[in-house]
Every structure is written in C-alpha cells, then in structure tokens.
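A short worksheet on the structure shown next.
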Amino acid sequence: MNGLKTYVQDFLDHLEVEKNRSPKTLENYNHYLQRFIEFAIEHGQPALSPAGITLPLVRKYCLYLNRITDAHNEPLKLSTQNYHIIALRAFLKFLAKQDIKTLSAEKIELAKIPQRTVDFLEIDEIDRLFAAVPKTDKLQDLRDMAMFETLFSTGLRVSELCHLTRDKINLDRGEFMVRGKGNKPRIVFLSPDAKAAISLYLKKRPDNNEFVFISHGINSNAEGLTARSVERIIQKYATKAGLVKKVTPHTLRHSYATDLLINGADIRSVQALLGHSSITTTQVYTHITNRQLKDVHTAFHAKRKR
C-alpha cells in the first residue's frame, strides 16, 4: 500500500507543478484518493498496487460512496460521489501516462446527475434589491451599492469580489482582469453605473486599504470583507426588499448570466465572461433563457384557437 501512496504523492506533485492546480484542489484530490486507499485496506487489499485496481473493486467503491453519510449524517450528494471518482480517474490517467499498468480510466463511468437548475432574480427583483440600499453618503451604504453594481455588472464569484484590490480596477476603461478557479485569468467589464458607484465609494474612503470592499463597522479596522460578510449584507437587503427567494452572491452571478442570455448574448461569450472551463457548465442557463424556443411557441402554438 505504501507503493500506491507514493504514486498518489507523485500525482499530487504533478498537479501542483505541471498542472498549476490550487492548494485547495490538491487537498481535495488527496482526500478523495486517501479515502479510496482506506476503502481498499478495509476490503482486504492492504498491498494494493496500481495493477490491483480493478473494475470490480471500483464498482464496490462506488456502492460504498453511495451508502456512506457525511458529518451531518446525510448521504453524499451524487456530485460529491462523482468528485471522488473524477479524482480516481485522473490518477489512473496519470499512471497510464507513466506506462504503469493499471485500470483504464475510460472504463469508469460517473453517476448520472439530474440537470441542475439555477436560482436567479428577474430584472424587477434586481431593481427592488438595489432600491433597498439607502441613498446616503455613509460609507456602508456607498460600499453596498458599489458592491451590488459590481456583482451584477461583472458576474464575479464572491471570492473574486473579496480579493479585488484597487490597483486591479481601471475605472477609466471600465474593465479589469480577475483570476478565477484554477488561477485562470479573464477580463470583466463594469457598467457605467458600476463605475460611478465604485468611484464615489473610493473617493469617500479615508483609508489606504488595498482592498476595494472593506468593513466599516463600529469595531472595524478597515479589513477586507469576507465571503460570509458579503452573504449577510446581501441577505439583509433581500429581506428588506421583500424578496422571498434566498439571495446569495452566486444568485447575482446567475442573474448576470441569465440577463446576458435573455438579451441575446451567445453561450460561448457568456462562458468566457463567467470563466467557465467547460461549455456544459454554462449550458445550465440555456433552458431558462432560450428565446428561440419561446419565439417558436408564440408563433406556432394554438393557431386554430385564435
């Protein structure tokens, strides 16, 4: 088994150096693969080698993943089960490229997951959310409006918003580069309203903090906002606006993508703007924004009834 653990470490080193994967990705892959090794030990294969990884063993492992529970005594989500198998398949592909005899990764199938749906805000709900922010010169209010405008204008992930620094934003050009998942760079664009809101907020700031969005509470030391802080701020205004939906930073990202598609943007452009590696990730939005299908329905449905 020590031999297999050595191969796992070689694989993780490969991900770090040659694939430039993030520390969190390395941590997750190590966790998934160590779980597979522990499973093999418990099932009588303490000396498992790459050649000993067989399809029957992997099938038993998939069944095991489907039956165990998490820290909250809940079954593992299908997506979480698939993350385990994706890590194992990537490991097997790595071994194959090293000419090490093992199971072919192509023989392992992922569980089929029902098509994911997304929650987004209609444009009138966006208007209500923005209107809930007081129109004052208080730093908190200026920050919150600038934050909302930025999220809806760029589709930033909350982590990207929290790590945004002043030197990264070009307010004259209304664009900036952000590094998202996998440290991949992409360009995002600010609307005129977003540029104006950020500019006003930063001009009123008396501090020299590098982060664009910081805390301004009574006990604040002008620290950068955390993801949890942003979530709380958004939920506060959602409640104030009377929105019954659960509104999170990612809801605004979904709303951004949906708004682009409804107004005619092509799916490939939206993929690039969101920073998705795969078009299949972006396609989750198309079933709610397919204008062509709506036009077909309007043009051809119930003609005789009219």
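- A salt bridge does not link R21 with D13: every distance from a Lys NZ or Arg NE/NH1/NH2 to an Asp or Glu carboxylate oxygen is 4.0 Å or more.
- Counted by atom type alone, H250 and R157 present zero donor-acceptor pairs between their side chains at under 3.5 Å.
- We find the CG-CD distance between L190 and E175 to be 9.0 Å, quoted to the nearest 0.5 Å.
- Closest heavy-atom contact between E16 and L26: CB-CD1, 3.6 Å.
- The neighbour count for K184 NZ, taken as heavy atoms of other residues, nucleotides or ligands under 6.0 Å away, is above 12.
- A distance-only check finds a donor-acceptor pair linking the side chain of Q81 to the backbone of L76 [under 3.5 Å].
- Ionic pairing of R128 and E122 is not present here: no N-O contact between side-chain nitrogen and carboxylate oxygen is shorter than 4.0 angstrom.
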Discussion item. For a side chain to side chain contact (heavy atoms under 4.5 Å, CB included) check, start with the C-alpha distance between D10 and F94, then their side-chain angles and the critical distance, and finish with the verdict.
Written reply: CA-CA 9 Å; D10 290 342; F94 167 77; 4.1 Å; yes
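- L129 has its side chain within reach of L252: a pair of non-hydrogen atoms, C-beta onward, lies under 4.5 Å apart.
- Between I85 and E109, the closest heavy-atom pair is CG2-O, 4.4 Å.
- Environment of OH in Y83: sparse, with no more than 12 heavy atoms of neighbouring residues, nucleotides or ligands closer than 6.0 Å.
- With rounding to the nearest 0.5 angstrom, the CG atom of L243 is 13.5 Å from the OH atom of Y237.
- Counted by atom type alone, D266 and S269 present one or more donor-acceptor pairs between their side chains at under 3.5 Å.
- T150 and S153 are not linked by any side-chain donor-acceptor pair at a separation below 3.5 angstrom, with hydrogens and angles left out of the test.
- In this structure, a donor-acceptor pair under 3.5 Å is present between the side chains of T136 and D141.
- Counting only heavy atoms from C-beta outward, the side chains of K240 and P134 approach each other to under 4.5 Å.
- Annotation: side chain of S79 is not in contact with side chain of N82 (no heavy-atom distance under 4.5 Å).
- Salt bridge K24/E27: present, at least one basic N to carboxylate O contact under 4.0 Å.
- Within a 6.0 Å sphere centred on NZ of K135, other residues, nucleotides and ligands contribute more than 12 heavy atoms.
- We find the OH-OG1 distance between Y285 and T282 to be 7.5 Å, quoted to the nearest 0.5 Å.
- In this structure the side chain of I214 reaches within 4.5 angstrom of the side chain of R205, judged on heavy atoms.
- In this structure, the separation between CG on L225 and CZ on R232 is 10.0 Å, given to the nearest 0.5 Å.
- Other residues, nucleotides and ligands place no more than 12 heavy atoms under 6.0 Å from the NE2 atom of H163.
- With T69 contributing its side chain and E74 its backbone, the two residues share no donor-acceptor pair below 3.5 Å.
- The number of heavy atoms from other shown groups lying within 6.0 Å of CG (D167) is above 12.
- Side-chain contact between I100 and Y7: present, with at least one pair of heavy atoms (C-beta onward) separated by less than 4.5 Å.
- For the 3.5 Å distance criterion, the side chains of D144 and Q140 fail to qualify, holding no donor opposite an acceptor.
- Residues Q9 and L12 form a side-chain contact, since some pair of their non-hydrogen atoms from C-beta on lies under 4.5 Å apart.
- Remark: the backbone N or O of D259 is paired with a side-chain donor or acceptor of N263 at under 3.5 angstrom.
- One N or O on the side chain of T239 and one on the backbone of Q235 form a donor-acceptor pair closer than 3.5 Å.
- Proximity of a side-chain donor or acceptor of S255 to a complementary backbone N or O of T251 within less than 3.5 Å is detected.
- For L48 against I53, the heavy-atom pair with the smallest separation is CD1-N, 3.9 Å.
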Worksheet entry | Derivation and outcome, side chain to side chain contact (heavy atoms under 4.5 Å, CB included), residues K204 and L200 | CA-CA 6 Å; K204 293 284 185 178; L200 180 59; 4.3 Å; yes
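- When all heavy atoms of T154 and F189 are compared, the closest pair comes out as CG2-O, 3.5 Å.
- K245 meets the salt bridge (charged side-chain N to carboxylate O under 4.0 Å, His left out) test with E125; sequence neighbours excluded.
- For the atom pair L88 CG and R35 CZ, the distance stands at 13.5 Å (nearest 0.5 Å).
- Looking at S49, its side chain never comes within 3.5 Å of a backbone N or O of L4 through a donor-acceptor pair.
- With hydrogens and angles ignored, the 3.5 Å screen pairs no side-chain donor or acceptor of H276 with any backbone N or O of A272.
- Looking at heavy atoms from C-beta onward, I108 lies out of side-chain contact with Y61 at the 4.5 angstrom threshold.
- The shortest non-hydrogen separation linking K195 to D172 is NZ-O, 4.1 Å.
- Looking at every heavy atom in both residues, C162 comes nearest to A227 through SG-N, 3.6 Å.
- Counting only distance, with no hydrogens or angles, the side chain of R253 and the backbone of F152 share no donor-acceptor pair below 3.5 Å.
- Residue D119 qualifies as open at atom CG: its count of foreign heavy atoms under 6.0 Å is 12 or below.
- Atoms CZ and CG, on F130 and D193 in that order, are 8.5 Å from each other to the nearest 0.5 Å.
- By the 6.0 Å contact criterion, CD on Q34 is enclosed, its count of non-hydrogen atoms from other residues, nucleotides or ligands being greater than 12.
- A donor-acceptor pair is defined here as one N or O able to donate and one able to accept, closer than 3.5 Å; such a pair exists between the side chain of R186 and the backbone of L273.
- In this pair, H43 and Y64 present their aromatic rings perpendicular. The plane angle is above 60°, beyond the 30 to 60° band.
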Item to complete: Output, in order, the C-alpha distance, side-chain angles, deciding distance and verdict of side chain to side chain contact (heavy atoms under 4.5 Å, CB included) for T248 and I234.
Response: CA-CA 6 Å; T248 69; I234 291 175; 5.9 Å; no
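- Across F36, Y29, Y32, a single residue satisfies ring pair (Phe, Tyr, Trp, His ring centres under 6.0 Å) together with H84, and that is Y32.
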Discussion item. The test is side chain to side chain contact (heavy atoms under 4.5 Å, CB included); show your working for L139 and Y201 and say whether it passes.
Written reply: CA-CA 7 Å; L139 279 175; Y201 169 53; 4.3 Å; yes
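- Using a 4.5 Å heavy-atom cutoff, the side chains of F213 and R143 are in contact.
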